[in-house]
Amino acid sequence: MKTIIKNGTAYIDGAFTKADILLEDDKIIKIGKAIKDKADNTIDAKDCHVFPGFVDLHCHLRDPGQTYKEDIISGTRSAAKGGFTTICTMPNTDPVVDNIATVEYIQRRAKDLGYCRVHVIGAITKKIEGKEISEMATMKDGGIIAVSDDGNCPQSARLMLSCMKYASNFDLPVVVHAEDYNLAGKGQIHGGKIASKLGLSGIPGLAEEIIIARDIMLAENTKCRLHVAHISTAKSLELVRQAKAEGMPITCEVTPHHLTLTDEACVSFDTNTKMKPPLRPEKDRQALIAALANGLIDCIATDHAPHADFEKEREFDHAPFGITGFETAFAVLYQELVLSGLIKLERLVEAMTTAPANLMRLGDRSLKAGNAADLVIVNLKGETEISPETTISKGKNNPWMGKTLKSQIQYTICAGNTTWEA
Amino acid sequence: MSWKGERMNDTPQFLGRNLFDLDDYSAEEIYYILEAAKGMKEINLREYKKIPTLRGKTVCTLFVENSTRTRMSFELAASRLSADVVSFQASVSALQKGESLQDTVYTLDAMGIDLYVIRHSSPGSPQLVHKYSGKPVLNGGDGRHAHPTQALLDIFSIWEKRGNLDGLKVTIVGDILNSRVVRSNLIGMKKLGAEVTVCGPKTLMPGSMEEIYGCRVEYDLQTALKDADVVMGLRMQLERQTEGLFPSLEEYSKHYVLSKDTIKWAKSDALIMHPGPMNRGIEILPEIADSQQSIIVEQVANGVAIRMALMFLILGGKA
């Protein structure tokens, strides 16, 4: 079956050009001006931009085990609505993804549904307890692309050293959720002026920076590929900059919320401003934006973390950490960073598509004949209403709930199938 | 603005309002509350300490964190205005069985509550009670965040003695980090023009205090007390020692105790205050707590008056 996308402004070789894109089954077969080929379907993209499908290296589908928060159906449909065609799931499910059976369950379920390509990230340590190395080689045979204890952070440097050695043995990148538990303590928000005022315990930037410094040294020692998850402070960026300057295989990601919100948002005591790492002050946010612009930060990742209403509708310090991200990621970044002139649209698209795919070695995701028919058609002049009713994810825990954001995802096409249509 | 005993006119500017913290109240409104409390204090000195103004109204004291003294103060205040009082204590209630605050408030609200007083260890919980009930809420202390009725009674106690807070030098000494009393007092006292200094060991001092509150931060007691018109001690809790924040009560006391020897660094007629309960011998010595300059016991009496004034104003009491 053939589909032609006519007259869209396509992201090709890092720039935007008017082009038609012809798809056949699950592949892009031709890109060019005024393609005359016959097709079964025609999509008029005259007023739209066409990007490669978004790629998210960091999300939580809560399946198996916590399907009241999210499951593979609602999670992948939510991702498709947000323009994502590839997502990578973190292993902190119940049971934890520390065994090949759970890896295969998630992959099979996602493939059967077909809303999104799902890659699985396995646990670094069994049950993400930070005690024993997981069977990462067996999980790699089952299809995992990386290992992480996300949500948890192995506290023992000795164990982390061993895990990195082992991971590098099987060429698996280690994704670190950097958090020193002693320094983070019972912290609820960033340890700064706002925490002082609200009387909430703070999580200092140090809690992240000390672990990043440690893991960069461990990566240097082990030659392990290291990817820093949801980087959030200026000092963390400086550590990564130094490591990259020395030629080390270190990459990092940033979330939409750390790029667009600060800890000032917490004064409302809205539990949808509570996540790890916490929202940081403006100075850090500015450093993150600059680092995204200049490529020090490699890519955007949502850290989509759905929770049930009854869990978030609580006293601030009793509510769980995390917010959803799929359905707001592009619109929030487009509105807050691109429209305000802080980031070029080209860079945003790169950081949500080819950059994450390349660093996690997921293959060439650019718009090119022969590549997979994974793409997203966006109307930048449109609007997206964020409300509990319009949200597909089971999690309604999002700080933009009730807002209307600039831009609208018109179509998401994954492996040639339309997975979202506005 | 005038206040003539019980013959107060309707005060729409307070009707139905919350008191989460003093941020939301102007200096003018704070003075209005103080004036109202003065009238209430007079009622408390009568033989029959009751006026019928809030008859038919129901006040709920929702104490998720225990505090017998504060709860009694609020309940006496409500009773003396003839409101019905129901008391919800977490230790003997459904919250212990895992019921959420939301469900608790829904349940209470179904019984017809007109005003809530909440004490809770979680900052921001008074806002939640208001969100779930739609009723006015008095914050009776939320974690380390705020304790606005305590601040108002402290301000009242100073105002009564000095007539004005403008330009007064107030020094607060102790565990600033864990004190909701300090945070609310800083907001309120600064609004009324006082110059506030906070003093304590660095490990018990939150960051950015100068920037947030425009106060002075001192780590040395002698420097902090210099020329002070008012000196307030704070309760020092032993558990901070196990949290690694200071080595021993003895060492703390050696550097920060309010005693005859240290208080002489302040003005000779400085008022001595403490929100209680006191650790005599640790942050304050009896020679100071019980001295002529001390108004610690009066603070407690003033607490009832302030809480009466707030309930009266918020529930629109009629004389």
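Taking the six-membered ring for Trp and the full ring otherwise, the centers of A/His177 and A/His230 sit less than 6.0 Å from each other.
For B/Leu177, no part lies under 4.5 angstrom from a heavy atom of chain A.
Here the CD1-CG distance, from B/Ile118 to B/Leu62, works out to 4.5 Å after rounding to the nearest 0.5 Å. Rounded to the nearest 0.5 Å, atoms CG (A/Asp180) and SG (A/Cys153) are 7.5 Å apart.
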message: One pair to check against side-chain hydrogen bond (donor to acceptor under 3.5 Å, both in side chains): A/Thr93 and A/Gln66. What are the steps and the verdict?
response: CA-CA 7 Å; A/Thr93 48; A/Gln66 294 179 309; over 6 Å; no
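The nearest pair of heavy atoms linking A/Asp303 to A/Lys276 is OD2-O, 3.8 Å.
When atom types are taken as modelled, the side chain of A/Thr67 and the backbone of A/Glu70 share no donor-acceptor pair closer than 3.5 angstrom. When atom types are taken as modelled, the side chain of A/Glu327 and the backbone of A/Ser393 share a donor-acceptor pair closer than 3.5 angstrom.
Between chain A and the residues B/Pro123, B/Pro206, B/Gly207, the largest count of heavy-atom pairs under 4.5 Å involves B/Pro123.
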For chain A against chain B, print all donor and acceptor atom pairs separated by less than 3.5 Å.
residue  : atom : partner  : partner atom : Å
A/Lys193 : NZ   : B/Glu211 : OE2          : 3.3
A/Ser196 : O    : B/Arg183 : NE           : 2.6
A/Ser196 : O    : B/Arg183 : NH2          : 3.1
A/Ser196 : OG   : B/Gly207 : N            : 3.4
A/Ser196 : OG   : B/Gly207 : O            : 2.9
A/Lys197 : NZ   : B/Asp23  : OD2          : 3.1
A/Gly199 : O    : B/Arg144 : NE           : 3.3
A/Leu200 : O    : B/Arg144 : NH2          : 3.4
A/Glu313 : OE1  : B/Lys131 : NZ           : 3.1
A/Glu313 : OE2  : B/Lys131 : NZ           : 3.1
A/Glu313 : OE2  : B/Tyr132 : OH           : 2.5
A/Glu315 : OE2  : B/His120 : NE2          : 2.7
A/Asp317 : OD1  : B/Ser122 : OG           : 2.4
A/Asp317 : OD2  : B/Ser122 : OG           : 3.3

